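Whatever order the structure lists ligands and atoms in, that order sets their numbers, starting from 1. Predicted model, so just to flag it, every value in this text is computed and none were measured.
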Amino acid sequence: MAPRIVVLISGNGSNLQAIIDAINSKTLEGQIVLVVSNKKSAFGLTRATQAGLPTLTFPLKQYKDLGKTRIEYDLDLAKKIKEYNPNLIILAGWMHILSEEFLKCFDDIIINLHPALPNQFDGTNSIERAYEAFKKGDITKTGVMVHKVIPDVDKGEPLLIEEVPILETDSLDDLETRIHNVEHRLIVQGAKKILDELNR
Ligand code: GRF
């Protein structure tokens, strides 16, 4: 049976699309059993629906409005995801930090995509921060990594790292496009790599 994959998104979902395409073209062996978004407006949900995939919208706001904690949100989300019995969970532009309580529910099967090199520009707006650092002369290149998820944001063991050059002529848009193109390839390779490891 093809490995069961759950993908968590928050936005455009171009990386989700890369995974869907890779599965459809048989570049990646797997089946997406659920796409979760914390945002109702995420375009990735439309991509999932168009691909005939089950979706779940799971916003934090409803929890906050009821005075519930972030841990309660994470544990309920973990419970929902567990119902789908995933072999792999991919954070593909998921903009929430997942708590230790969430991570404990799954056994080393969560990977994240991050648009920067290890220990550079952890957290949000990494591409913009890299671009600014380049303009100041602090760096000459940036990169993309796929890593295992641990409680420390963007600090888990890297599975794949690829450097991305920054050119003098680059606008921020140019750099973003170059990085996203690498991401779309690396997220598929990263998924493959961890599924191979888990199969061994
Ligand atoms: C990607 O750059 C990812 O690395 C970052 O958020 C972006 C998501 O893009 N954390 P998309 O929603 O997959 O198009």
Side-chain angles (χ1 to χ4, degrees), residues 5-24 27-28 30 32 34-51 53 55-60 77 88-98 102-103 110-134 139 141-166 170-194:
I5 302 171
V6 171
V7 184
L8 273 61
I9 60 163
S10 299
N12 178 21
S14 65
N15 288 285
L16 165 68
Q17 190 67 55
I19 300 163
I20 293 171
D21 294 346
I23 291 173
N24 287 344
T27 310
L28 177 66
I32 299 177
L34 180 67
V35 174
V36 182
S37 173
N38 62 322
K39 294 236 180 332
K40 233 193 256 175
S41 59
F43 181 63
L45 286 171
T46 306
R47 294 179 189 269
T49 305
Q50 278 169 354
L53 301 172
T55 61
L56 169 68
T57 306
F58 204 75
L60 177 59
L77 176 60
L88 174 64
I89 299 172
I90 303 177
L91 310 185
W94 171 255
M95 296 309 284
H96 276 324
I97 296 168
L98 292 169
F102 179 95
L103 301 179
I110 309 176
I111 61 171
N112 181 46
L113 176 66
H114 185 60
L117 294 171
N119 302 316
Q120 271 195 336
F121 313 114
D122 294 343
T124 55
N125 302 322
S126 312
I127 305 175
E128 289 88 336
R129 286 189 285 144
Y131 187 71
E132 278 164 25
F134 173 78
I139 57 167
K141 62 191 178 210
T142 181
V144 172
M145 68 169 165
V146 176
H147 65 92
K148 290 191 180 172
V149 175
I150 60 168
D152 268 356
V153 181
D154 301 326
K155 291 285 187 215
E157 178 200 333
L159 283 165
L160 292 170
I161 301 168
E162 186 165 317
E163 290 182 354
V164 176
I166 310 177
D170 274 349
S171 64
L172 177 57
D173 271 1
D174 294 333
L175 180 61
E176 277 178 346
T177 303
R178 190 174 308 118
I179 288 186
H180 290 322
N181 287 338
V182 173
E183 286 190 309
H184 299 159
R185 182 164 37 79
L186 226 62
I187 191 64
V188 171
Q189 287 173 5
K192 243 186 189 172
K193 191 169 178 193
I194 191 155

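Below 4.0 Å from some heavy atom of Asn12 lie the following atoms of ligand 1, by number and element: 12 (O), 14 (O). Less than 4.0 angstrom separates some heavy atom of His180 from each of these atoms of ligand 1: 2 (O). Residue-ligand proximity, Gly93 to ligand 1, at heavy-atom distances under 4.0 Å covers atoms 6 (O), 8 (C), 10 (N).
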**OP:** I would like to know whether Leu60 and Asn38 meet side chain to side chain contact (heavy atoms under 4.5 Å, CB included); could you show each step before the answer?
**Re:** CA-CA 7 Å; Leu60 177 59; Asn38 62 322; over 6 Å; no
Original post:
Is there a side-chain hydrogen bond (donor to acceptor under 3.5 Å, both in side chains) between Asp174 and Ser171 once you walk through the steps?
Top reply: CA-CA 5 Å; Asp174 294 333; Ser171 64; 3.2 Å; yes
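Residue contacts with ligand 1 include Leu113, since one or more of its heavy atoms lies under 4.0 Å from the ligand. Not close to ligand 1: Glu176, with no non-hydrogen atom less than 4.0 angstrom away. For Gly13, the heavy-atom gap to ligand 1 drops under 4.0 angstrom.
Between the side chain of Lys192 and the backbone N or O of Thr27 there is at least one donor-acceptor pair closer than 3.5 Å. Not one N or O on the side chain of Lys193 forms a donor-acceptor pair closer than 3.5 Å with the backbone of Leu160.
Ranking protein heavy atoms by distance to atom 1 (C) of ligand 1, first place goes to Glu183 OE1, 3.3 Å. The protein heavy atom nearest to atom 9 (O) of ligand 1 is Asn15 ND2, 3.6 Å. The protein heavy atom nearest to atom 14 (O) of ligand 1 is Ser14 OG, 2.5 Å.
Judged by distance alone, the side chains of His184 and Ser14 do bring a donor and an acceptor atom under 3.5 Å apart.
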